[in-house]
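Everything on this sheet refers to the single structure shown next.
What you see below is based on every heavy atom in this structure, not just the backbone, and it leaves out hydrogens, waters and symmetry mates.
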Amino acid sequence: MSASVVLLLVLTLSVAVLDWVAVGVSNKRLEYVAKPATMVLLIAAVFAIDPTDAGARSFFVVGLLFSLLGDIFLMLPDRDRFFVFGLGSFLIGHLAYIPGLFLLGFSAGAFLVGVLLVVVALVTVGRRVVRGVHRNEPRLVVPVIVYMGVISLMVATAISSGKVIAVVGAVLFYGSDTLIAWNGFVKPLWWANVAIMVTYHLGQIGLALALV
């Protein structure tokens with residue numbers, strides 16, 4: 001990686017840490033700056049990367065842009081009102097990541113293993129999340145199920161790529177979204193808000209590094 005890419009990634013991680021602190025101490029002003037700034041810096045880093053596949057980078061940029069949009073929707077004061085918009089933005093982001101990951105490499109056997117793993121996750125954790133959504137916000141059941149299916153496919157595709165950093169990034173992203181759903185619809189966890197952002201940012205950085 002070039003010095004400019006390293007610098008942009010260091011800045012990305014540094015601003016991300018500021019966001020984690022902001023979330024931890026409930027400093028909304030700092031969060032409103034640090035959260036989107038983290039993604040803007042990561043997008044800049046991806047543009048600066050000399051990728052193994054230029055097409056994959058294009059898809060990843062789309063994924064990051066829609067993730068940035070989702071971040072903005074989910075940090076607005078009236079979060080309940082904009083939750084579906086945030087969910088939809090991230091769904092489009094994952095739909096962009098899937099072909100990007102495919103271009104980085106594909107193994108049918110690894111993809112099958114990935115599918116089996118996410119099915120286990122859906123049957124265990126996912127089923128409880130859907131029950132919680134049905135109990136608390138029944139209008140969101142279908143959007144949440146669709147989203148779970150798409151992000152699960154993204155994880156399986158990351159596993160099929162054979163790139164360890166892509167798998168780590170995708171799994172961290174999956175864990176972040178699982179925590180959001182669990183914390184919001186199943187059982188509140190006092191440590192979840194910070195953990196959600198840590199796993200989310202590290203997951204996005206991991207996916208970006210898969211381009212190298």
(Q) Keeping Asn193 on the side-chain end and Val23 on the backbone end, is there a donor-acceptor pair under 3.5 Å? (A) no
Q: Have a look at Ile159 and tell me which of Leu116, Val167, Val118, Val115 forms a side chain to side chain contact (heavy atoms under 4.5 Å, CB included) with it.
A: Val167
Q. Rounded to the nearest 0.5 Å, what separation is found between the CZ atom of Arg131 and the CZ atom of Arg135?
A. 9.5 Å
Q) Can you list the steps and then say if Asp19 with Met75 is a side-chain contact (heavy atoms from CB on, under 4.5 Å)? A) CA-CA 12 Å; Asp19 182 60; Met75 73 176 184; over 6 Å; no
Q: Take Ser152 and Val155, measure what side-chain contact (heavy atoms from CB on, under 4.5 Å) needs, and give me the verdict at the end.
A: CA-CA 5 Å; Ser152 295; Val155 172; 5.8 Å; no
Q: Indicate if Val5 and Val40 have the same hydrophobic cluster label, given that clusters are the connected sets of ILVMFWY residues with side-chain heavy-atom separations under 4.5 angstrom.
A: yes
Q. Mind checking whether Trp182 and Arg128 have side chains closer than 4.5 Å, heavy atoms only?
A. yes
Q | Minimum-distance pair of heavy atoms, taken over all atoms of Thr199 and Gly175 | A | OG1-C, 4.5 Å
Q. Are Leu64 and Met1 connected in the hydrophobic side-chain network, where two residues link if heavy atoms are under 4.5 Å apart?
A. yes
(Q) Using every non-hydrogen atom in the two residues, find where Gly100 and Ala56 come nearest and quote the distance to one decimal. (A) O-CB, 3.4 Å
**Q.** Donor-acceptor pair, side chain of Ser176 and main chain of Ile196, under 3.5 angstrom
**A.** yes
Q) CD1/Ile72 to OG/Ser67 distance, rounded to the nearest 0.5 angstrom? A) 11.0 Å
Q. For the residue pair Tyr200 and Phe90, does the interplanar ring angle fall in the parallel (under 30°), tilted (30 to 60°) or perpendicular (over 60°) class?
A. perpendicular
Q) Backbone N or O of Leu189 within a donor-acceptor pair of the Asn183 side chain at under 3.5 Å? A) yes
Q) Can you hop from Leu69 to Leu65 via hydrophobic side chains spaced under 4.5 Å? A) no
Q) Say you draw a straight line from CD1 of Ile92 to CG of Leu87; how long is it, rounded to the nearest 0.5 Å? A) 10.5 Å
(Q) For a 4.5 angstrom cut-off between non-hydrogen side-chain atoms, does Tyr174 reach Val125? (A) no
**Q.** Heavy-atom closest contact (Ile165 atom, Gly206 atom, distance)
**A.** CG1-O, 3.4 Å
Q | Interatomic spacing from CG in Leu153 to CD1 in Ile98 - rounded to 0.5 Å | A | 4.0 Å
Q: Identify whether Ile43 and Phe66 are in the same connected component of the hydrophobic contact network (ILVMFWY, side-chain heavy atoms under 4.5 Å).
A: no
Q: Provide the closest heavy-atom pair for Leu101 versus Ala166 in the form atom of the first, atom of the second, distance.
A: CD2-CB, 4.0 Å
Q. Got a second to check how far Lys35's NZ is from Leu30's CG, nearest 0.5 Å?
A. 12.5 Å
**Q.** Value rounded to 0.5 Å, distance of CG in Leu117 from CG in Leu122
**A.** 11.0 Å
**Q.** Asp50 atom CG, neighbour heavy-atom count above 12 within 6.0 Å
**A.** no
Q. Donor-acceptor pair, Lys163 side chain versus Val212 backbone, under 3.5 Å?
A. yes
(Q) The test is side-chain contact (heavy atoms from CB on, under 4.5 Å); show your working for Phe85 and Leu76 and say whether it passes. (A) CA-CA 11 Å; Phe85 296 101; Leu76 292 175; over 6 Å; no
Q) When you look at CZ of Phe47, are more than 12 heavy atoms from neighbouring residues, nucleotides or ligands closer to it than 6.0 Å? A) no
Q.
Same cluster or not: Leu209 versus Leu104, using hydrophobic residues (I, L, V, M, F, W, Y) connected whenever any side-chain heavy atoms lie under 4.5 Å apart?
A. yes
(Q) Could you check whether any side-chain heavy atom of Thr38 comes within less than 4.5 Å of a side-chain heavy atom of Met197, counting everything from C-beta outward? (A) no
Q: Evaluate the side-chain contact (heavy atoms from CB on, under 4.5 Å) criterion for residues Tyr97 and Gln204: first the C-alpha distance (whole Å), next the side-chain angles of each, then the deciding distance (0.1 Å), finally the verdict.
A: CA-CA 11 Å; Tyr97 273 131; Gln204 291 278 28; 2.5 Å; yes
(Q) Which heavy atom of Ala208 sits nearest to which heavy atom of Leu42, and what is that distance? (A) CB-CD1, 3.8 Å
Q. What is the minimum heavy-atom distance between Leu41 and Leu11, and which atoms define it?
A. CD1-O, 3.7 Å
Q | Sub-4.5 Å side-chain heavy-atom contact between Phe83 and Glu137 | A | no
